[in-house]
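Order of listing sets the numbers, starting from 1, for every ligand and every atom in it.
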Amino acid sequence: MTGNGIVPPSQAPWGQAGKALDGVRVLDFTHVQSGPTCTQLLAYMGADVIKVERPGVGDVTRGQLRDVPGADSLYFTMLNGNKRSITIDSKNRKGMEILERLVKICDVLVENFAPGALDRMGLTWEHVHELNPRMIMASVKGFGPGPYEDCKVYENVAQCAGGSASTTGFLGGPPLVTGAQIGDSGTGLHLALGIVSALYQRNRTGRGQRVLAAMQDGVLNLCRVKLRDQQRLTRGPLTEFSQYGQGIPFGEATPRAGNDSGGGQPGWILKCKGWETDPNAYIYFITQAPVWNEICDVIGEPEWKTHPDYATPPARLPRLKQIFDRIEQWTMTKTKFEAMDILNKYDIPCGPILSMKELAEERSLRDTGTVVEVDHPKRGKYLTVGNPIKLSDSPCEVERSPLLGEHTEEILTQVLGYSEKEIAEIRTSGAITAPEKRTAA
Ligand code: COA
């Protein structure tokens, strides 16, 4: 460090100056999806993530949607890579003693228990802050303070409460939830940003703070453009929505817009060659104004470039359905990949509807480490999603998820400094072993 407190640039080659979050130790009290998404990202960035699990049981997802008998499920393995697992019964006196020692030496505590559960365990913010004033205590909850703050919340509940479901689906149809886990994984992502920001602020203040990411808030944040439309609606109809062109009046709230694009440029999902048998033979097509002439040439309607009914975006708005029907006649003569190749030559924005099978097999995603194959002692090889955020000086090596309690002894000795004798005592206390194993021992 120089005299003015600035660290001079590392002379180490790129990617060899450690990881972004090296030295950050996370006490991971998370389970299911939202919290584990957050802590897995922190682990990918280099933090030492110590996942605390209930002896004998562990994170409930270890056993959910099992595809290989006796092995941790993909639900668990794909959300808990790069972490260490320690089993501790927080309701055991000795167990709490161990937890308090962990609190003292960790930088961040992350949890997504039901409201009040951590307090009932005895790990209130006040107690944690007293034990370790530098501790950042980060939580995912379903709702922020208010009428629903005590509710337990899962993914689809958050999608419904955060504005996603009411704005997803087709006009006239019921609200729909989306496949993207915007409530769980989306909120975990929000929480990770809160934690990293709190770590940065701690460099200045020397103290930790609480970080809260409520799932309703996270979903609403991702639905920001729909709240934008809600306000625009008070000033008149939303002209870029298909329903405007179809002459269907708007109600009081942002409507469901099918596959309309969320921006000012009309878009829709169109059939491609093979759609009759392949449910994903479709392409998203945007009739972006600056490339309208190119679109007309590609689909074989050159006169639309100058025709008063088609030449300008406002003229096209009432005719969008007819325009997309015509474009679809063209896309149906090409596979989605052929259409991509042709349209991209003219910078016409489009995107193939890729199936999970296609994504799993996509070479470029393997090459960038976004889709990674890892080996697991119980289930063998499996695919996971690596770090979707790439840092040029902090490469990510994806490791398999830990077995339940795989690192219990390692953490007790190497991290907490317990002696062999103390560990033997801990073992008989029941703090780290499941009740049935205690009797057997
Ligand atoms: N040792 C002993 N007890 C433990 C333990 C450990 N290591 N880890 C957890 N427990 C206990 C908790 O203390 C709690 O006990 P209590 O209710 O007696 O106080 C109990 O396990 C269960 O915790 P809880 O969070 O209530 O689990 P749940 O299965 O009933 O609810 C959720 C699951 C996800 C609905 C709930 O945790 C929740 O709403 N979380 C916040 C929102 C969220 O993240 N939702 C999305 C999940 S993907």
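In the vicinity of Val32, heavy-atom distances shorter than 4.0 Å reach the ligand 1 atoms 47 (C), 48 (S). The atoms of ligand 1 that sit less than 4.0 Å from any heavy atom of Met121 are 4 (C), 5 (C), 8 (N), 9 (C), 10 (N), 12 (C), 13 (O). Atoms of ligand 1 found under 4.0 Å from any heavy atom of Asp89 (numbered from 1 in listed order, with element): 1 (N), 2 (C). Close approach of ligand 1 to Val140 is summarised as follows: ligand atoms under 4.0 Å from at least one heavy atom of the residue are 41 (C), 44 (O). Atoms of ligand 1 found under 4.0 Å from any heavy atom of Asp184 (numbered from 1 in listed order, with element): 46 (C), 47 (C), 48 (S). Near Ile88, with a cut-off below 4.0 Å to any heavy atom, the atoms of ligand 1 are 1 (N), 6 (C), 7 (N).
Using modelled atom types, no side-chain atom of Ser73 and backbone atom of Arg66 make a donor-acceptor pair closer than 3.5 Å.
The pair Asp375-Arg400 fails the salt-bridge criterion, with no side-chain N (NZ, NE, NH1 or NH2) lying under 4.0 Å from an Asp/Glu carboxylate O.
Among all non-hydrogen protein atoms, the one lying nearest atom 9 (C) of ligand 1 is Phe113 CE2, 3.3 Å. Closest protein heavy atom to atom 28 (P) of ligand 1: Lys152 NZ, 3.6 Å. The closest protein non-hydrogen atom to atom 40 (N) of ligand 1 is Asn112 O, 2.9 Å. Protein heavy atom in closest approach to atom 33 (C) of ligand 1: Tyr154 OH, 3.4 Å. In terms of protein heavy atoms, atom 11 (C) of ligand 1 is closest to Arg54 NH2, 3.5 Å.
In this comparison of Gln33, Lys91, His31, Arg120, the heavy atom closest to atom 18 (O) of ligand 1 sits on Lys91. Of the candidates Ser90, Ala431, Ser34, Gly122, the one placing a heavy atom closest to atom 2 (C) of ligand 1 is Ser90.
Cation-pi geometry between Arg256 and Phe241 is not satisfied (NZ or CZ under 6.0 Å from the ring centre, within 45° of the ring normal).
Polar contact with ligand 1: present for Val153 (N/O pair, distance under 3.5 Å). The shortest N or O to N or O distance between Phe29 and ligand 1 is not below 3.5 Å. Among the atoms of Ala114, some N or O lies under 3.5 angstrom from an N or O of ligand 1.
Note: Ile283 CD1 to Met332 CE = 14.0 Å, rounded to the nearest 0.5 Å.
With Gln33 as the partner, the side chain to side chain donor-acceptor pair (under 3.5 Å) test is satisfied by one option alone out of Asn112, Asp184, Asp59, Thr61: Asp184. Applying the side chain to side chain donor-acceptor pair (under 3.5 Å) test between Asp107 and each of Arg202, Arg134, Arg25 identifies Arg202 as the sole match.
A donor-acceptor pair shorter than 3.5 Å can be found between the side chains of Thr254 and Gln230. One side chain, Lys390 or Thr370, offers a donor N or O that lies under 3.5 Å from an acceptor on the other. With hydrogens and angles left out, the side-chain atoms of Lys83 and Thr39 include a donor and acceptor closer than 3.5 Å.
No side-chain heavy atom of Ser394 sits under 4.5 Å from any side-chain heavy atom of Leu21.
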